[in-house]
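See structure below.
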Amino acid sequence: MAYPYQIASLLQYHEFYKKSVEDPEGFWGEVAENFQWRRKWDSVINWNFKEPKIEWFKGAKLNITENCIDRHLPAKAGEPAIIWEPNNPEERTRVVTYARLHKRVCQFAQVLKNNGVKKGDRVCIYMGMVPELAYAVLGCARIGAIHSVIFGGFSAQSIADRLEDAQATFIVTCDGAYRGNKDIPLKSVIDDALIGNKIVKKVIVYTRTRTPVSMIKGRDVWWEDEMEYAETQVEKEGVVSFPAEEMDAEDPLFILYTSGSTGKPKGVVHTCGGYMVWTNYTFVNVFQYKPGDVHFCTADIGWITGHSYIVYGPLSAGATSLMFEGIPTWPDAGRFWEITEKHKVNILYTAPTAIRSLMGFGEQPIQGKDISSLNTLGTVGEPINEEAWHWYDEHIGKKTCPIVDTWWQTETGGILISNLAGVTLSKPGWATLPLPGVQPVIVDENGKEVTEKDEDGMIKGNLCIKAPWPGILRTTYGDHERCRLNYFATYENLYFTGDGCMKDEDGNYRITGRVDDVLNVSGHRIGTAEVENAINMHTGVVESAVVGYPHDIKGQGIYAYVIYNGRMQDMDQIRKDVNQTVSRIIGPIAKPDKIQFVSGLPKTRSGKIMRRILRKIAEGEVSNLGDTSTLLDPAVVDEIKNGKI
Ligand code: PRX
């Protein structure tokens, strides 16, 4: 069998699960034997959630790129590692074999070295979805530099904050990126982010859109020039080599920023050994990958899903990963199905928001496209409503493809709760069972485990995990205390996910959504405090409060209540100005869908905003607002109710 640790039956799932809980050292030690280590571990796991301190495969040495590339070369040099589909269907597809990937990654590692990047340096990557983004990520990993990929939709201000937090000294970017009919000027955004920045030494710029860019002498260099120069250094008499840096299993591999309930995004840190084992293990088991299958994960590499299931999971398994530059609805809503037909995609992994949006176009875009190569479907990022699940099952899977509903987070590195395609049962809207090594607990507000069933037979509460799995975050960059407070301090000795959930009699889990002040808009995490801070920066805004409300396509929309006392003009124009401010400060993804101007916000006598009330009004549930008598100014609630948009 290609992957000896691939779970083949329901019975085996239960057997493996049991072993993973009773003997985690034995279980994960055995799984880890299937990777290439320069030196084996002294111990499989050491941990306490109090500090927290979590170490997997302590003492082991490796380089993740040797596992993602070099070890596949003897058998798979000529096989596709990455199939790249351009934004514009008229443009040519690129197929990157494992041999070519090896060459390009070695070359780019050499480029980094030539430009002075060293092990442990932080390299910010701000690129569109081109194969060079994967080369950049893996090139960093090859020399032991810590990559921090920033999604192309974030603004200059967001980038500047992240550069500062990570103390990044290098940037890799593109002149621009194509997404649908847009041409996003990435380099120009980087230039804005670098105003006043004194620590970035070099910016490497890949040419994609030929958008005019300013190239600052001594700081900015062209990717193409650097790669050409490096080519002769890494290739001698047809042999390509760039020695991979020997990394400790617990050395950081990357930082990825994500939103929390405070105003400032956190830099989640993942390490080399555990993350590699976890992304590979979950990829192989959840999707039941078979060698030769084409895996199409539609996420952007700027998010954790792209890191784990476009790059590290598939490549470490020697798989073929399809990378798509564009969006599902351009040039028309048949794009995913055209790509599926063209590249004979076997596994499609996408977000409920994309499914809902495509569902809105009906079946016509699918007609005439042969999508019979599909054998597995997946969803990620947010709860999937039953209607979307059934549409996906019927029209895309033709009722023959298992659908895996994968629940996980940036912090978890890879999938924690999901059915295993065709091996364990699926249940529409339910993530179902925990993977081996994952021990969920449902607790009430006081941290007490909930064991009593509700009247509908379910156990409900907040989702925590009681022991570490190899892919768990290790810290938040530069601020370990923040990591402890965010995830390990709410409930003693538990990792708190921030999600609410329910469990049925068969032990299946359904994730119901965030229980903290974090929104999930189109599968992207956005902190309400972050959006409020951005809105409050607009001149004339006195105060604001942001909540989520149900949105047909996005899952959740952003509803902002704004107190404005600036010069009164056309209020629609002010709405646009506020949106523009949010775009500038965070990025277009955080723009409120609705802005209601109010004269006051419902507050308790101690000055705390009663979000519960605002949430209910935004959700349209105005008749049952609960007790409002303790408010500082109860009259304000009526005004807000009457002004709801
Ligand atoms: O609320 C959960 C939701 O997305 C959050 C994690 O967001 P992020 O770190 O951006 O990672 C997204 C991709 C893994 C979770 O706390 N979420 C993710 N997957 C699911 C989900 N909610 C319900 N069902 C899922 N399958």
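All ligand and atom numbering here is 1-based and tracks the order in the structure. Starting from 1, each residue takes its place in the sequence as its number.
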Note to self: For atom 12 (C) of ligand 1, what is the closest protein heavy atom, and at what distance to 0.1 Å?
What the structure shows: G381 CA, 4.2 Å

Note to self: Considering non-hydrogen atoms of the protein only, which is the closest contact for atom 7 (O) of ligand 1, and what is the distance?
What the structure shows: R525 CD, 3.1 Å

Notebook entry, point to check: Will you find, in the side chains of N446 and Y491, an N or O donor that is under 3.5 Å from an N or O acceptor?
Noted result: no

Note to self: Yes or no: does G513 have any heavy atom under 4.0 Å from an atom of ligand 1?
What the structure shows: no

Check: Counting both backbone and side chain atoms, is some N or O of T258 under 3.5 Å from an N or O of ligand 1?
Finding: no

Check: Cationic tip of K594 within the cone over Y549's six-membered ring, i.e. under 6.0 Å and within 45° of the normal?
Finding: yes

Next item on the list: Using a 4.0 Å heavy-atom cut-off, say whether Q409 meets ligand 1 through its side chain, its backbone, both or neither.
Entry: both

Notebook entry, point to check: In terms of residue, atom name and distance, what is the protein heavy atom nearest to atom 2 (C) of ligand 1?
Noted result: D499 OD2, 3.1 Å

Checklist line | Polar contact flag for T379 and ligand 1 (N/O pairs, less than 3.5 Å) | finding: no

Next item on the list: With sequence neighbours left out, write down each residue that passes side-chain contact (heavy atoms from CB on, under 4.5 Å) with T432, or none if nothing qualifies.
Entry: N419, K427, W430, N508

Next item on the list: Would you tell me which option among Q556, R510, E382, E411 has the nearest heavy-atom contact to atom 24 (N) of ligand 1?
Entry: E382

Checklist line | ligand 1 atoms in contact with N520 (distance to a heavy atom under 4.0 Å) | finding: 3 (C), 4 (O)

Notebook entry, point to check: Quick one: does T512's side chain have a donor or acceptor within less than 3.5 Å of a partner on G500's backbone?
Noted result: yes

Check: Is E481 atom CD crowded by more than 12 heavy atoms from other residues, nucleotides or ligands, each under 6.0 Å away?
Finding: yes

Margin query: Any nitrogen or oxygen of T497, side chain or backbone, less than 3.5 Å from one on ligand 1?
Written below: no

Margin query: Take a 6.0 Å sphere around NZ of K398 and say whether it holds more than 12 heavy atoms from other residues, nucleotides or ligands.
Written below: yes

Note to self: When you measure from the side chain of H147 to the backbone of V149, do you find a donor-acceptor pair of N or O atoms at a distance under 3.5 Å?
What the structure shows: no

Checklist line | Exercise: do H295 and S321 side chains pair donor with acceptor under 3.5 Å | finding: no

Notebook entry, point to check: For H524, does its backbone N or O pair with a side-chain atom of S522 as donor and acceptor, under 3.5 Å?
Noted result: no

Check: Nearest to atom 9 (O) of ligand 1, what protein heavy atom do you find, and at what distance?
Finding: T410 OG1, 2.6 Å

Checklist line | Proximal ligand 1 atoms for V380, defined as those under 4.0 Å from one of its heavy atoms | finding: 13 (C), 14 (C)

Next item on the list: Below 4.0 angstrom from a heavy atom of W408, which ligand 1 atoms are there? Numbered from 1 as shown, please.
Entry: 6 (C), 14 (C), 15 (C), 18 (C), 19 (N)

Item checked: Closest approach of any protein heavy atom to atom 13 (C) of ligand 1, naming residue and atom -> T305 OG1, 3.4 Å

Next item on the list: For Q288 and I7, indicate whether the former's side chain and the latter's backbone hold a donor-acceptor pair under 3.5 Å.
Entry: yes

Item checked: Numbering as shown, the atoms of ligand 1 that approach R514 to under 4.0 Å (heavy-atom distance) -> 1 (O), 15 (C), 16 (O)

